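Since the structure is predicted, the reported quantities are computational estimates derived from the model, not experimental observations.
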Amino acid sequence: MSSYHKLLPGLVLIAVAACTDNPILEPDVHAEDLDVALSFSVEELVTLTEMEVEVEITNHEGVPFTDFEMVGFEYRMEGETEWETTELELHEGHFSADHMFFSSGEYEVRVTGTRHGADHSETLFEQGEHAEVERIHMEAGEYRIEMETFPGRIHEGDEAEVRFWVAELGTDGHSGGHGMGGLNAQIHLSHDASGSTQQHMADEHEDGVYEAMHLFDEAGEFEVMMSFQDEHGDTHEAAFHVPVSHDD
């Protein structure tokens with residue numbers, strides 16, 4: 001999945017002036033044209049999925065341009081005002097880093113860079129269309145099961161809501177649209193390193209949506225699993241892995 005952009009000197013000034021979050025200084029206008037290409041290592045953007053973000057910056061001759069002190073992949077959910085940044089590292093003529101989205105939705109994405117010797121950053125690329133991030137999901141029998149936590153990014157000591165969506169599986173592998181209500185569902189959480197486990201009876205506040213509150217009192221990775229019996233008495237399970245950060 002990739003986006004491509006030609007950065008012209010005049011457009012740099014316009015792009016940065018439009019970013020109200022960092023109105024520190026106007027960027028210098030440079031003579032060279034830069035081509036900026038942003039790509040992801042996955043075809044679909046899905047929460048809790050490790051991916052690589054890659055940015056290639058070349059001059060008008062197609063030669064890699066790497067004269068930056070810092071290049072960042074920046075993103076924010078539609079409607080939010082603050083940008084989050086993943087700092088990219090230089091590898092063999094391009095910039096890249098591992099990245100993970102924690103919440104589903106529509107995101108604005110852009111690439112910024114600080115040139116060596118500069119005291120401010122420039123917006124090198126801003127994607128015109130929003131990037132859509134789906135909830136992590138899997139198939140279990142004839143059902144599609146999706147999961148998300150609220151908040152999305154969890155820190156040690158946070159109490160978070162764990163929510164599952166259970167729906168009929170459509171022929172295209174997506175939800176058939178009909179939420180499966182009335183299931184006897186349980187939510188199990190186990191810490192991968194310590195082996196500690198806890199179980200919650202899932203609450204159903206709307207058809208096919210099951211949730212529970214959980215205190216994530218350890219950093220590390222948790223397996224979050226939902227198990228349920230369907231109307232035929234068959235048992236199904238769906239498990240996902242949720243990282244929990246140290247409380248800084």
Rounded to the nearest 0.5 Å, the CG atom of L189 sits from the CG atom of L215 at a distance of 11.0 Å
Taking the side chain as C-beta and beyond, is there a heavy-atom pair between F102 and T149 under 4.5 Å? no
Hydrophobic cluster mates of F150, side-chain heavy atoms under 4.5 angstrom, ILVMFWY only, any path? W165, V209
Quick check: closest heavy atoms across G152 and S103, and the distance to 0.1 Å? CA-OG, 3.5 Å
Before you tell me yes or no, could you show the steps for D35 and F65 under side-chain contact (heavy atoms from CB on, under 4.5 Å), namely the whole-Å CA-CA distance, both residues' side-chain angles and the distance that decides it to 0.1 Å? CA-CA 9 Å; D35 295 329; F65 186 93; over 6 Å; no
Please say which of H236, E237, H188, Q199 ends up in a side-chain hydrogen bond (donor to acceptor under 3.5 Å, both in side chains) with S227. H188
Please check if the side chain of E148 supplies one atom and the backbone of S104 the other of a donor-acceptor pair under 3.5 Å. yes
Show the nearest heavy-atom pair for residues A202 and Y210, with the distance to one decimal. CB-CB, 3.8 Å
D158 side-chain N/O to A160 backbone N/O, donor-acceptor pair under 3.5 Å: no
I187 and F164: side-chain contact (heavy atoms from CB on, under 4.5 Å), yes or no, with the steps? CA-CA 9 Å; I187 296 175; F164 287 83; 3.9 Å; yes
Can you name the closest pair of heavy atoms from A219 and H191 and give their distance? O-NE2, 2.6 Å
Could you state the interatomic distance from OG (S41) to CD (E50), rounded to the nearest 0.5 Å? 9.5 Å
Please identify each residue that fulfils side chain to side chain donor-acceptor pair (under 3.5 Å) with T47, with sequence neighbours left out. none
Flag the pair V133 / R135 as yes when at least one side-chain heavy-atom distance between them is below 4.5 Å, and no otherwise. no
Taking D67's backbone N and O only, do any of them form a donor-acceptor pair with H116's side chain (distance below 3.5 Å, no angle check)? no
For H214, give me all partners under side chain to side chain donor-acceptor pair (under 3.5 Å), at least two apart in sequence or on another chain. H200
Hits for side chain to side chain donor-acceptor pair (under 3.5 Å) against T112, two or more places apart or cross-chain, chain-then-number order -> E74
Considering all heavy atoms, the nearest A97-T86 contact: CB-CG2, 4.0 Å
Kindly indicate whether the side chain of M201, heavy atoms from C-beta on, has any atom under 4.5 Å from the side chain of N184. yes
Check for me, please, whether F95 and M51 land in the same ILVMFWY cluster - side-chain distances under 4.5 Å, paths through other members count. yes
For the pair D234 and E231, evaluate side-chain contact (heavy atoms from CB on, under 4.5 Å) and give the outcome as yes or no after the intermediate values. CA-CA 7 Å; D234 296 327; E231 57 187 0; over 6 Å; no
So Y107 and E132, do their side chains get closer than 4.5 Å, heavy atoms only? no
For the pair F40 and F73, evaluate ring pair (Phe, Tyr, Trp, His ring centres under 6.0 Å) and give the outcome as yes or no after the intermediate values. CA-CA 11 Å; F40 301 90; F73 166 67; 5.7 Å; yes
To the nearest 0.5 Å, what is the distance between CD on E56 and OG1 on T66? 12.5 Å
Given side chains that start at C-beta, do those of T49 and F101 come closer than 4.5 Å, heavy atoms only? no
For the residue pair Y75 and H99, is the inter-centroid distance of their aromatic rings smaller than 6.0 Å? yes
According to a 4.5 Å side-chain heavy-atom criterion applied to Ile, Leu, Val, Met, Phe, Trp and Tyr, with indirect links allowed, do L48 and M225 form part of one hydrophobic cluster? no
Given 3.5 Å as the limit, does a donor-acceptor pair link the side chain of Q127 with the main chain of E129, or not? yes
Can you confirm whether E156 sits close enough to S245 that some side-chain heavy atom of one is under 4.5 Å from a side-chain heavy atom of the other? no
Taking salt bridge (Lys or Arg N to Asp or Glu O under 4.0 Å) as the cut-off, I'd like each qualifying pair that reaches into residues 84-109, sequence neighbours left out, listed once. R76-E108, E84-R153
Do the side chains of L90 and V53 join up, straight or via other hydrophobic residues, at under 4.5 Å, putting them in one cluster? yes
Value rounded to 0.5 Å, distance of CE in M180 from CZ in R144: 15.5 Å
pair R115-E122: side-chain heavy atoms closer than 4.5 Å: yes
Is there a continuous path of hydrophobic side-chain contacts, each under 4.5 Å between heavy atoms, that joins V46 to V162? yes
Check whether the side chains of S194 and E218 place a donor and an acceptor atom closer than 3.5 Å, and report yes or no. yes
Classify the angle between the aromatic ring planes of F222 and F216 as parallel (below 30°), tilted (30 to 60°) or perpendicular (above 60°). perpendicular
For residues S121 and T114, report the shortest heavy-atom separation together with the two atoms involved. CB-OG1, 3.4 Å
Do H91 side-chain atoms and H94 backbone N/O form a donor-acceptor pair below 3.5 Å? no
How far does CZ of F240 sit from CE of M147, to the nearest 0.5 angstrom? 6.0 Å
Taking side chain to side chain donor-acceptor pair (under 3.5 Å) as the definition, give me every residue that meets it alongside R163, ordered by chain and number, with sequence neighbours left out. E161, E211
Are L38 and V42 in one and the same hydrophobic cluster, where Ile, Leu, Val, Met, Phe, Trp and Tyr link if side-chain heavy atoms are under 4.5 Å apart? yes
Do S190 and V224 come close enough that some side-chain heavy atom pair is under 4.5 Å? no
Distance-only, no hydrogens or angles: does the H232 side chain make a donor-acceptor pair with backbone N or O of D230 under 3.5 Å? no
Show the nearest heavy-atom pair for residues A131 and L45, with the distance to one decimal. CB-CD1, 3.9 Å
Taken to the nearest 0.5 Å, the spacing of L169 CG from M138 CE works out to 11.5 Å
Would the F228 and Y143 ring centres measure less than 6.0 Å apart? yes
Could you give me the CA-CA distance, side-chain angles and deciding distance for D192 and E223, then say whether side-chain contact (heavy atoms from CB on, under 4.5 Å) is met? CA-CA 7 Å; D192 286 359; E223 181 184 73; 4.1 Å; yes
